[in-house]
Amino acid sequence: MVQKGLTGFFEKFLTKESLFINKNILQSTYSPDLILHRNDQIQQIANILGPSLRLEKPSNLFIYGKTGVGKTLSVKYTATKMSEIAKKENIALKIFYINCKLRKVADTEYRLIAKLVRELGKDIPPTGLPTEEVYNIFFNIIDKEKQLFILVLDEIDQLVKKAGDELLYNLTRINTELKNSQISILGISNDLVFVDNLDPRIKSSLSEEEILFPPYNALQIRDILNQRAKEAFKKDVIEQGVIEKCSAYAAREHGDARRALELLRVAGEIAERNGYLKVKIKHIDEAEDKIERDRVLDIVTTQPKQLQAVLYAIISLYTKKNNIIFTGKAYEVYKGTCFRSGLRPLTQRRVSDIIAELDMLGIINAKVISKGRYGRTREISLAITSASESKIKKTLEEGLGLT
DNA sequence: GTCAATTCACATGAAAGAGACCACGGTCTAGTG
DNA sequence: CTAGACCGTGGTCTCTTTCATGTGAATTGACGA
């Protein structure tokens, strides 16, 4: 019975008209031919990096702005254009783009350099070699012939947070040791105050030039959405007001275009799955819920067990009485959770850090408060909707082997 | 009533350990000629 | 004689623990009006 139904389902699936022409266009990784509302910034980047086409070392550049305001897109765009020209004119210019945020790729000094070396075509073991050794290999490859490198470090704040700023110091100093080649660094950061917390020596050499990417406003986001939607969706499948609502949502959240695009895409998927012929406004709301839930669920399932256990403790406390939780209480419940699921309980010190991590991930809100005579603690509350809460709790129970 | 000292319940830092992963070089073993 | 298996050493990396220090305001208690 079920099988038969499934065949029918797939057949219907095939014949059903998709609302999309090309869904990829709505992915945040897609780069359009024309980048709207970023002409000034792109021009600035081009001005600063321009000299590299004459093999003069351009200034180190530091770019910052909130998430989803087109930093990466603009840089990549400029970089590919430059690479094309360099290739055509036979200029020894190489541009590397590295995203430091991707775990296991470039979030430590060793891995960053190893990644660079690999980009240059030499294989390097993922671990085992002294960092010093990897540096040497890197030097040798780079310095073999006269050439210019531009190193784009995306999400550089993440890198520094994990690996310390010594790495940047080393990188900025590399040039003094290179005989033939030269390296310029282009750092991209979401964190607006990131540079201020850097060691002054690094700060001055890293941000010889700075470009600030301001958030998009609702009108600009609307333009961007319109531009992409026109190519991604079929004609007339988007109902009046949908784009406007998307942009309003995103503008409220500090002008994050990436989010707006995701919202639109997911709304489209929901509409399509439910058999609608048009994307309606209500799908946006559903999409927002879904995105939120998926995000949390994804985090929850990929994070280590201990983190899950802490979260589980917090959630079960939270449902019991709908108020604010303190660290001590959470820790006690957590210990109980560990006992039930056979985990070895961690020290309170560590749990304190885990709570801070959960806060960073945006699953809970944890604010440090002082209760005067009654000590100092974190004030914890859940930052997820109650609709997703039960689902997350269930997932956690499964993951932890509780029933 | 005012004010500084006290005190609580953790937060926050630093350092170092455990255990997983890995490369490298040397030694041992077994198969080959 | 040599290729491959097998060690020991030394390296990175993540997650933790241990020890130490920091912290903000309610409370306390001395003080003076």
Side-chain angles (χ1 to χ4, degrees), chain A residues 98-118 120-141 155 158-171 193 197-199 299-314 317-318 323-339 341-361 363-381 396 399-400:
Chain A
I98 292 185
N99 189 333
C100 310
K101 192 183 175 182
L102 298 174
R103 285 169 72 84
K104 316 272 180 191
V105 175
D107 58 354
T108 69
E109 184 166 12
Y110 180 95
R111 294 215 263 245
L112 177 72
I113 306 295
K115 168 96 176 152
L116 279 174
V117 174
R118 264 185 231 120
L120 289 161
K122 191 165 180 350
D123 205 32
I124 285 279
T127 168
L129 294 182
T131 310
E132 189 67 31
E133 184 65 23
V134 188
Y135 260 111
N136 283 338
I137 298 174
F138 180 58
F139 273 145
N140 289 339
I141 298 183
E155 317 244 0
Q158 300 286 327
L159 178 66
V160 171
K161 206 166 68 194
K162 295 196 81 171
D165 49 12
E166 201 162 311
L167 161 61
L168 288 185
Y169 182 65
N170 289 340
L171 277 178
V193 294
N197 299 330
L198 280 177
D199 188 312
I299 293 172
V300 162
T301 45
T302 50
Q303 292 294 321
K305 283 267 187 304
Q306 294 289 0
L307 198 134
Q308 295 183 16
V310 175
L311 180 61
Y312 180 76
I314 291 172
L317 261 179
Y318 197 76
N323 53 17
I324 288 153
I325 305 160
F326 299 112
T327 306
K329 189 77 189 146
Y331 182 62
E332 263 174 45
V333 177
Y334 155 78
K335 274 198 289 195
T337 313
C338 283
F339 179 71
S341 66
L343 280 171
R344 193 176 50 85
L346 302 175
T347 41
Q348 183 155 335
R349 175 70 187 84
R350 178 64 187 135
V351 171
S352 175
D353 277 350
I354 291 181
I355 290 174
E357 280 168 38
L358 283 170
D359 181 41
M360 288 265 296
L361 291 168
I363 301 176
I364 62 175
N365 292 316
K367 211 172 80 195
V368 180
I369 54 150
S370 175
K371 291 190 293 171
R373 189 63 207 271
Y374 303 105
R376 219 166 114 83
T377 182
R378 278 200 172 86
E379 202 180 65
I380 305 167
S381 60
L396 282 173
L400 293 168

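Only this structure's heavy atoms are used, side chains among them; waters, hydrogens and symmetry mates stay out. Sequence lines set the chain letters: A, B, ... in the order given, protein chains first and strands last, and positions in each chain run from 1.
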Quick one: pull up CG in L307(A) and CD1 in I354(A) and give me the separation to the nearest 0.5 Å.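 The CG atom of L307(A) sits 5.5 Å away from the CD1 atom of I354(A).
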With rounding to the nearest 0.5 Å, note down the distance linking CG in D359(A) to CG in N365(A). 6.5 Å
Looking at every heavy atom in both [X] and [Y], which two are closest together, and how far apart are they?
{"X": "R344(A)", "Y": "Q306(A)", "result": "O-NE2, 3.0 Å"}
{"X": "T337(A)", "Y": "A309(A)", "result": "CG2-O, 4.2 Å"}
{"X": "V300(A)", "Y": "Q308(A)", "result": "O-NE2, 3.0 Å"}
{"X": "P345(A)", "Y": "C338(A)", "result": "CA-SG, 3.8 Å"}

Got a list of protein N/O to nucleotides 18-22 of chain B N/O distances below 3.5 Å?
none

Near-strand residues of residues 303-314 of chain A, defined as heavy-atom separation under 4.0 angstrom from DNA chain B: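 Heavy-atom cutoff 4.0 Å gives no residues at all.
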Output the rounded distance in Å from [atom1] ([X]) to [atom2] ([N]).
{"X": "R111(A)", "N": "dG11(C)", "atom1": "CZ", "atom2": "C1'", "value": "14 Å"}
{"X": "R350(A)", "N": "dG17(B)", "atom1": "CZ", "atom2": "P", "value": "18 Å"}
{"X": "E357(A)", "N": "dT14(C)", "atom1": "CD", "atom2": "C1'", "value": "11 Å"}

Mark yes or no for whether E379(A), through its side chain, and V368(A), through its backbone, hold a donor-acceptor pair below 3.5 Å. no
The test is side-chain hydrogen bond (donor to acceptor under 3.5 Å, both in side chains); show your working for Q348(A) and Y334(A) and say whether it passes. CA-CA 10 Å; Q348(A) 183 155 335; Y334(A) 155 78; over 6 Å; no
Can you tell if the side chain of I380(A) reaches within under 4.5 Å of the side chain of F326(A), non-hydrogen atoms only? no
Quick check: do S341(A) and K305(A) have side-chain heavy atoms less than 4.5 Å from each other? no
dT17(C) phosphate, OP1 or OP2, under 4.0 Å from T347(A) side-chain N/O: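 True: T347(A) side-chain N/O within range (under 4.0 Å) of dT17(C) OP1/OP2.
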N/O to N/O distances under 3.5 Å, protein versus nucleotides 9-13 of chain B:
| from | atom 1 | to | atom 2 | distance (Å) |
| --- | --- | --- | --- | --- |
| dA9(B) | N3 | R376(A) | N | 3.1 |
| dC10(B) | O5' | G328(A) | N | 3.3 |
| dC10(B) | O4' | R376(A) | O | 3.3 |
| dA11(B) | OP1 | T327(A) | OG1 | 2.7 |
| dA11(B) | OP1 | R378(A) | NH1 | 3.3 |
| dA11(B) | OP2 | S352(A) | OG | 2.9 |
| dT12(B) | OP2 | R378(A) | NH2 | 2.4 |
| dT12(B) | O4 | R349(A) | NE | 3.4 |
| dG13(B) | N7 | R349(A) | NE | 3.4 |
| dG13(B) | N7 | R349(A) | NH2 | 2.8 |
| dG13(B) | O6 | R349(A) | NE | 2.8 |

